[in-house]
Amino acid sequence: MSLPPVLVLAGPTASGKSALALALAQAENGVVINADSMQVYDALPILTAQPPEAARETVPHRLYGCLDPARPCSAAQWVELARAEIAAAWADGRLPIVVGGTGLYLESLRQGLSPIPEIPAEIRDQTRAVLAEIGNEAFHARLGQRDPAMAARLPPGDSQRMARAWEVLAATGRSLADWQTVPRQGGLAARWLTLALLPPREALRAACDGRFAAMVAAGAVEEAAAFLARGLDPALPAMKVLGLRELGAAARGELALAEAVAVAQAATRAYAKRQVTWLRH
RNA sequence: GGCCGGGUGGCAGAGUGGCUAUGCAGCGGACUGCAAAUCCGCGUACGUCGGUUCAAUUCCGGCCUCGGCCU
């Protein structure tokens, strides 16, 4: 018996994934399932380039703008949601089309993750607080005393992974290095059809710049200002959406709009480059 | 024509007689639960021709060039 199919459309921002997904979904009776870590939040539809109403009315779109931005999503949570949507599509006799540029999510969907328990929020918050207080170097040294294996493979600059390593040890009593020797679990069994969109770099850069300018023209500044007015914790993932900070500063008059756009465009280009690196691996 | 001040890697911008900042952009890479995050790596650049020196981007001179002032 052959496995049911899943079509994956991967590519950097502004590579035209969404439009292609829409066309394929129409042609192949598909369901478009989001694999972008920012588009999952119910926030900033313009700035995160969520598919417009028109597209969603044409073809079913799942996992777009459906999570509370006040609560961080995670790779594991997304995989769980995505698996459910894929199963639902199969049950409906439709082709699941997974679209997105978040490499970690896509990889986790295919390979699964080591079965590490969820870390209590208190431990996470406390860990980040300590890290912020004592600084990277001291934190790295402290990690080295408790978890030499992880400290050895993380540079002191890598605050995010150091925090993750620390909280896993604190919450489970086992090193993350140890956990990761446990085989990954939960990888989706399917017949994978993968399409990677990798436009020439020069064209990609131009597309990134053009798209950000279009977002601003579509009201991204107002959108950013309104979202920031909610006063959410700046450490939340949704608060790190590209351009949010810059556009917010522009809205408050702290930064010239042209300058804000230029900075955000540069950040977008850098992001696209990281995505390409991931896709090429 | 004269005087003065500049000419540094794609851009910005320090600096030094030998050890050749830095930032941004760019390029390559990593990636197991906040990933649009978080990191790692990569550039003998010093206008030009000569001189001084063991050694010149750095000192001296000519030339070119940019800017300012003067006639």
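Because only heavy atoms are used, hydrogens play no part in the values below, and waters and symmetry mates are left out as well, while side chains stay in. Bear in mind the structure is a predicted one, so any value in this text is a computation, not a measurement. Letters A, B, ... are given to chains in the order of the sequence lines, protein chains preceding strands, and every chain is numbered from 1.
Residues A:Q77 and A:R280 each lie close to RNA chain B; by heavy-atom proximity, the contact nearer the 5' end of the strand is made by A:R280.
At a cut-off of 3.5 angstrom, counting only N and O atoms as typed in the model, there is a donor on one side and an acceptor on the other between the side-chain of A:R161 and the base of B:A37. Put simply, the side chain of A:S114 and the base of B:U32 share a donor and an acceptor less than 3.5 Å apart. Not a single donor-acceptor contact under 3.5 angstrom links the side-chain atoms of A:K273 to the base of B:G26.
A:D158 places its CG atom 14 Å from the C1' atom of B:G29, with the value rounded to the nearest Å. Between the CG atom of A:L176 and the C1' atom of B:U38 there is a distance of 14 Å, given to the nearest Å. Nucleotide B:C39 holds its C1' atom 14 Å from the CZ atom of A:R153, rounded to whole Å. Spacing between atom CD of A:Q180 and atom C1' of B:A30 amounts to 14 Å, rounded to whole angstrom units. Taking atom CG of A:L109 as the reference point, atom P of B:A35 lies 15 Å away to the nearest angstrom. When the P atom of B:A37 is taken as reference, atom CG of A:N136 falls 17 Å away, rounded to whole Å. In this structure, A:E80 places its CD atom 11 Å from C1' of B:G33, rounding to the nearest Å. Rounded to an integer number of Å, the gap from CG of A:L244 to P of B:C34 is 20 Å.
At the heavy-atom level, A:S108 lies nowhere under 4.0 Å from the strands shown. Looking at heavy-atom distances under 4.0 Å, A:R201 makes contact with sugar-phosphate atoms alone, never a base. At a threshold of 4.0 angstrom between heavy atoms, the contacts of A:T13 with the nucleic acid are absent. Using a 4.0 Å heavy-atom criterion, one finds that A:W78 contacts no nucleic acid atom at all. At a threshold of 4.0 angstrom between heavy atoms, the contacts of A:A76 include nucleobase atoms, whether or not backbone atoms are also involved. A:A270 comes within 4.0 angstrom of nothing in the nucleic acid, heavy atoms only.
Shortest non-hydrogen contact noted between A:L204 and A:P12 is CD2-CG, 3.7 Å. Of all non-hydrogen atoms in A:R211 and A:T13, the two that sit nearest each other are NH2-CG2, 2.6 Å. Closest heavy-atom contact between A:L279 and A:A10: CD2-CB, 3.5 Å. Between A:E223 and A:L47, the shortest heavy-atom distance links the atoms OE1-N, 2.9 Å. The two residues A:I123 and A:A170 make their nearest non-hydrogen contact at CG2-CB, 4.1 Å. The shortest heavy-atom contact between A:S108 and A:V79 is CB-CG2, 3.6 Å.
Across B:U20 and B:C34, the matching C1' atoms stand 42 Å from one another, rounded to whole Å. Using P as the reference atom, B:U58 and B:U48 are 10 Å apart when rounded to the nearest Å. Distance noted for atom C1' between B:C4 and B:G43: 35 Å (whole Å). With both ends at atom C1', the span from B:A45 to B:U8 equals 6 Å, rounded to whole Å. Taking the P atom of each, B:G47 and B:G15 are spaced 16 Å apart, rounded to whole Å. B:G17 and B:G29: their C1' atoms are spaced 39 Å apart (whole Å). Annotation: B:G41 and B:U52 have their P atoms spaced 44 Å apart (nearest Å).
Here the side chains of A:D209 and A:R269 are in contact, with some heavy-atom distance below 4.5 Å.
Within 6.0 Å of atom CD in A:E254, more than 12 heavy atoms from other residues, nucleotides or ligands are found, so the atom counts as buried in its surroundings.
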Under a cut-off of 3.5 Å for both distances of each Watson-Crick or G-U pair, what dot-bracket string does RNA chain B give, using [ ] for crossing pairs and | for inter-strand pairs?
(((((((..(((.....[...))).(((((.......)))))....(((((..]....)))))))))))).
